[in-house]
Amino acid sequence: MCYYDAYECVIYYILGGFTLRTIQVKKVTEAITQMCKDAAYYLPEDVYEALKKGRETEESPVGRDVLDQIIKNAEIAKAEDRPICQDTGMAVIFMEIGQDVHFEGGNLVDAVNAGVAAGYTEGYLRKSVVGEPLFNRKNTTNNTPAILHTSIVDGDKVKITIAPKGFGSENKSGVKMLVPADGVEGVKAAVLDIIQHAGPNPCPPMVVGVGIGGTMEKSALLSKKALARPISVRNEHPEYQKLEAELLELINKTGIGPQLGGTTTALAVNVEWFATHIAGLPVSVNICCHAMRHAEVIL
Ligand code: SF4
């Protein structure tokens, strides 16, 4: 049995009781091409609103001036289809792939990178990627390769999230391998230590992604995933939700403010957690600047 939808180029096969959806990889390329531009130009609404709220509550006059400029910059970028920041970042892409999906028409990773190359070229976005990190550091000239994280989920859809990441904030992120005895207070101290060390360098007001648990690399990925969550959405677990609120309050008391001092150091703290070893308590902090860029599509 076969259905063909000419618009989505999607073919459904029913084979021995299994339904398999085929997606042409060129659809992935096209989606990512557009998402690269959308993410660079349009600040998500919840971040924009949080900046405006921060402007209302900011206690420092200089801080209010900085926030006015950040808000105006986001409005100009949206109105004129221009990048919010000159650093249009490394393309971090999350793909949640339904286990009933089959890709056809080429290699998926190549298709993702083709989308990034086209998006950054068509959108006149800065190409910020070097092909080798230590000795040669030659620019790849099309912002590839992307940092691609894939996960397998139920269903026959593919959710793609792009989160371009500038390195002013990425460079100030960190991992701390705590032990269980450090507890909640140890986690708070670890997060605050990384934020204090970052100071105004990550272009605050920042959004702080925190990953707790797993292994060293899992906690780092959790902190990145935490940044991909809208800042209007809180952790569902009541204790982690409370921790998010407490961390936000502590960070906003540091005085770092929106770059030149003040009370609006962070717009939100998003915490994600995972099971861990009986002897461990990994904590990662991934900082994002006020240019908290995202775009999302479901194929
Ligand atoms: S940290 Fe963010 S706002 Fe600052 S330069 Fe980098 S991308 Fe731009």
Side-chain angles (χ1 to χ4, degrees), residues 35-52 54-55 58 62-78 80-93 116 119-120 123-130 133 137 139-140 143-144 146-147 161-174 191 194-210 220 223-224 226-231 251 254 256-262 264-270 284-295:
M35 289 161 74
C36 287
K37 293 182 267 185
D38 290 350
Y41 303 157
Y42 314 130
L43 196 66
E45 202 55 31
D46 59 345
V47 180
Y48 177 72
E49 290 303 323
L51 285 167
K52 288 205 338 191
R55 167 64 179 81
E58 173 57 53
V62 179
R64 288 198 291 275
D65 279 352
V66 173
L67 285 164
D68 279 338
Q69 289 177 39
I70 290 172
I71 292 165
K72 191 173 173 197
N73 176 67
E75 289 168 348
I76 292 171
K78 184 178 177 183
E80 299 185 5
D81 285 352
R82 292 178 193 274
I84 297 162
C85 181
Q86 44 76 35
D87 182 355
T88 46
M90 200 162 185
V92 177
I93 295 174
V116 170
Y120 274 73
Y124 298 101
L125 310 179
R126 196 182 84 185
K127 323 297 185 296
S128 309
V129 175
V130 295
R137 293 193 67 87
N139 196 304
T140 60
N143 223 53
T144 66
I147 303 294
T161 304
I162 183 165
K165 196 67 173 62
F167 264 52
S169 54
E170 191 73 359
N171 281 345
K172 294 298 167 187
S173 304
V191 173
I194 290 169
I195 297 295
Q196 297 271 21
H197 182 253
N201 294 306
C203 299
M206 47 184 113
V207 177
V208 183
V210 180
S223 69
K224 182 72 77 190
L227 285 181
R229 193 209 311 157
I231 64 170
I251 290 168
T254 58
I256 296 167
Q259 302 174 34
L260 297 171
T264 319
T265 304
L267 302 175
V269 177
N270 286 0
S284 290
V285 177
N286 195 201
I287 300 174
C288 191
C289 55
H290 62 80
M292 171 77 179
R293 297 158 288 191
H294 286 107

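Ligands are counted one by one from 1 in listed order, and the atoms in each one are counted from 1 as well.
With sequence neighbours excluded, the residues that form a side-chain hydrogen bond (donor to acceptor under 3.5 Å, both in side chains) with Arg55 are Asp68.
By the criterion of a heavy-atom distance under 4.0 Å, the side chain of Arg293, and not its backbone, is placed next to ligand 1.
Shortest non-hydrogen contact noted between Gly261 and Glu58 is O-OE2, 4.4 Å. Of all non-hydrogen atoms in Val208 and Ala266, the two that sit nearest each other are CG2-CB, 4.4 Å.
By the 4.0 Å heavy-atom criterion, Gln86 is counted among the residues contacting ligand 1.
Within a radius of less than 2.8 Å around atom 4 (Fe) of ligand 1, the protein N, O or S atoms are Cys203 SG.
Between the CG atom in Asn286 and the NZ atom in Lys165 there is a gap of 5.0 Å [rounded to 0.5 Å].
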Give the C-alpha distance, both sets of side-chain angles, the deciding distance and a yes or no for side-chain contact (heavy atoms from CB on, under 4.5 Å) between Met90 and Glu170. CA-CA 10 Å; Met90 200 162 185; Glu170 191 73 359; over 6 Å; no
The test is side-chain contact (heavy atoms from CB on, under 4.5 Å); show your working for Glu75 and Tyr48 and say whether it passes. CA-CA 9 Å; Glu75 289 168 348; Tyr48 177 72; 2.3 Å; yes
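Between the side chain of Asn143 and the backbone N or O of Ser128 there is at least one donor-acceptor pair closer than 3.5 Å.
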